[in-house]
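Read the structure below first, then the notes.
Every chain is numbered from 1 and lettered A, B, ... according to where its sequence line falls, protein lines coming before strand lines. The model shown is predicted, which means the values in this text are computed figures rather than measured ones. We use all heavy atoms of the structure for the numbers below, so side chains are in, but hydrogens, waters and symmetry mates are not.
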2 protein chains.
Amino acid sequence: MKISAKGEYGIIALIDVANYYGGEPIQAKSIANRYNIPERFLEQIMTTLKKAGLVKSIRGSHGGYQLAKTPWEITLGDALKALDGDISPMYCVSENNKEQCSKERLCTIKDVWEEIRGCIQKTLSSITLKDMCNKKMEREMKAAHMYFI
Amino acid sequence: MKISAKGEYGIIALIDVANYYGGEPIQAKSIANRYNIPERFLEQIMTTLKKAGLVKSIRGSHGGYQLAKTPWEITLGDALKALDGDISPMYCVSENNKEQCSKERLCTIKDVWEEIRGCIQKTLSSITLKDMCNKKMEREMKAAHMYFI
DNA sequence: ATAATTCCTACCATTCCGATAGGGATTATA
DNA sequence: TATAATCCCTATCGGAATGGTAGGAATTAT
Ligand code: FES
Ligand code: FES
């Protein structure tokens, strides 16, 4: 029941990119350095985010990443779905439901997984990158010279 | 973000034991057979549940397992906490918080994990074994000759 | 005595995760 | 046009976790 490092790194990166929304593209290398994320690993993560349509990339020198939508159009749910594949606690209630449990029709527990998936989904899809940026800014206003994630 | 097989098997077993509440102890072997769970694996799971104080065991011939509390005193939250160790989506918001994230005090994402942990916890701790038994019974009443999990 | 059970400990195979690595493609700019 | 800075693609790898197996000891009813 844990969110992967990939998921966490990806969210950190996305929030960072969102912070630069409207400006110059931001490089994977820069993000990796500032948040202490392995550089080559982050590259792969950014590719994932790109394939999911959350960021767009600019290649070549002075290249980097920018949001593919506005910060208030992208939710943490979108991010985690792209990064960890899914946010359901059990395969039988996954959105891209491939694997079924054996006794699915006779299972009374499935409802529980469904409910959990629902509340996670609801929470995550209610928080946008914009929200996260705002929170970060607020905190940095109160505590001078400190950079929040 | 998936619940382990151990977690699922354990919950199935617990519900089954709860179904026999007040009667004879029920054997791991019997549970394993009926729900198609590897026998020796289930033995270990039952040990986990025992150590967590959810079931008590009776050794020797005609032995087996019984609930250590009433079915309405044990929640699915108790069960999963015992089986999967924890239900938090990130170590920094775990109840038995050992590992801390590096920049914990500067992290704005932690709040999100906290919120998710909260809603999972709330859902799981609101469902008792009694609830699950009732649901099972209701469904079996409506569909004759079918045994639900 | 025997059979049925739980209990304890070790082990094993596979998968997943986090990360590293090499090298190619693209682009600004000097 | 050369160079440096990027992103991009693919392969690989070590370690940890997961799911399961195994042997045999301890306990108990019959
Ligand atoms: S159907 Fe998936 S847990 Fe029962
Ligand atoms: S402190 Fe744990 S994710 Fe930020």
Measure from CZ on Phe41(B) to C1' on dT9(C) and round the result to the nearest Å. 16 Å
Distance-only check: which donor-acceptor pairs under 3.5 Å involve side-chain atoms of residues 8-18 of chain A, not counting sequence neighbours?
from     : atom 1 : to       : atom 2 : distance (Å)
Asp16(A) : OD1    : Arg34(A) : NH1    : 2.9
Asp16(A) : OD1    : Tyr35(A) : OH     : 2.8
Asp16(A) : OD2    : Arg34(A) : NH1    : 3.4
Asp16(A) : OD2    : Arg34(A) : NH2    : 2.7

N/O donor to acceptor pairs below 3.5 angstrom from side-chain atoms of residues 58-65 of chain B, sequence neighbours left out:
none

Distances for protein N or O near nucleotides 10-14 of chain C N or O, under 3.5 Å:
none

Quick one: does Arg40(B) reach the base of dG19(D) with a side-chain donor-acceptor pair under 3.5 Å? no
Applying side chain to side chain donor-acceptor pair (under 3.5 Å), can you list everything that pairs with Asp86(B), at least two apart in sequence or on another chain? Ser88(B), Ser94(B)
Taken in chain and number order and not counting sequence neighbours, the residues that satisfy side chain to side chain contact (heavy atoms under 4.5 Å, CB included) with Gln44(A) are Phe41(A)
Residue pairs involving residues 65-76 of chain A (criterion salt bridge (charged side-chain N to carboxylate O under 4.0 Å, His left out); sequence neighbours excluded): none
Under the criterion side chain to side chain contact (heavy atoms under 4.5 Å, CB included), I'd like the reasoning laid out for Tyr21(B) against Thr70(B): C-alpha separation, chi angles, the key distance, then a yes or no. CA-CA 8 Å; Tyr21(B) 181 66; Thr70(B) 65; 3.2 Å; yes
Would you give me the side-chain donor-acceptor pairs under 3.5 Å for residues 115-127 of chain A, sequence neighbours excluded?
from      : atom 1 : to        : atom 2 : distance (Å)
Arg117(A) : NE     : Val93(A)  : O      : 3.3
Gln121(A) : OE1    : Lys81(A)  : NZ     : 3.3
Thr123(A) : OG1    : Cys119(A) : O      : 2.9
Ser125(A) : OG     : Gln121(A) : O      : 2.9
Ser125(A) : OG     : Lys122(A) : O      : 3.4
Ser126(A) : OG     : Thr123(A) : O      : 2.7

Interatomic distance where CD1 belongs to Ile45(A) and P belongs to dT20(C) [whole Å]: 12 Å
Non-neighbouring partners of Asp111(B) that pass salt bridge (charged side-chain N to carboxylate O under 4.0 Å, His left out), sequence neighbours left out: Lys135(A), Arg139(A)
Can you list the residues that meet the salt bridge (charged side-chain N to carboxylate O under 4.0 Å, His left out) rule with Glu140(B), with sequence neighbours excluded? Lys136(B)
Could you tell me the separation between the CD1 atom of Ile37(A) and the P atom of dC17(C), rounded to a whole number of Å? 18 Å
Name all residues meeting the salt bridge (charged side-chain N to carboxylate O under 4.0 Å, His left out) criterion together with Glu43(B); count only those two or more places apart in sequence or in a different chain, and write none if there are none. Arg40(B)
For DNA chain D, what residues of residues 55-67 of chain A have any heavy atom nearer than 4.0 Å? Ser57(A), Ile58(A), Arg59(A), Gly60(A), Ser61(A), Gly64(A), Tyr65(A)
How many Å lie between CD on Glu39(A) and P on dG18(C), as a whole number? 19 Å
Asn33(A) (side chain) donor-acceptor with Ser30(A) (main chain) under 3.5 angstrom: no
Is the backbone N or O of Ser4(A) less than 3.5 Å from a side-chain atom of Asp84(A), with the two atoms forming a donor-acceptor pair by type? yes
Is the phosphate of dG19(D), meaning OP1 or OP2, less than 4.0 Å from a side-chain N or O of Tyr9(B)? no
Just to be sure I understand the rule, does Lys29(B) reach a base, reach only the sugar-phosphate, or reach nothing, if contact means heavy atoms closer than 4.0 Å? nothing
Using a strict heavy-atom distance below 4.0 Å, which residues from residues 20-28 of chain B are in contact with DNA chain D? none
In whole Å, what is the span from the CG atom of Asn36(A) to the P atom of dG18(C)? 16 Å
d(CD, Glu43(A); C1', dC8(D)) in whole Å: 8 Å
Whole angstroms only, please: what is the CG-C1' distance between Leu42(A) and dT6(D)? 13 Å
Lys6(B) side chain near dT18(D) phosphate (N/O to OP1/OP2, under 4.0 Å): no
In whole angstrom, what separates Asn33(A)'s CG from dA5(D)'s P? 13 Å
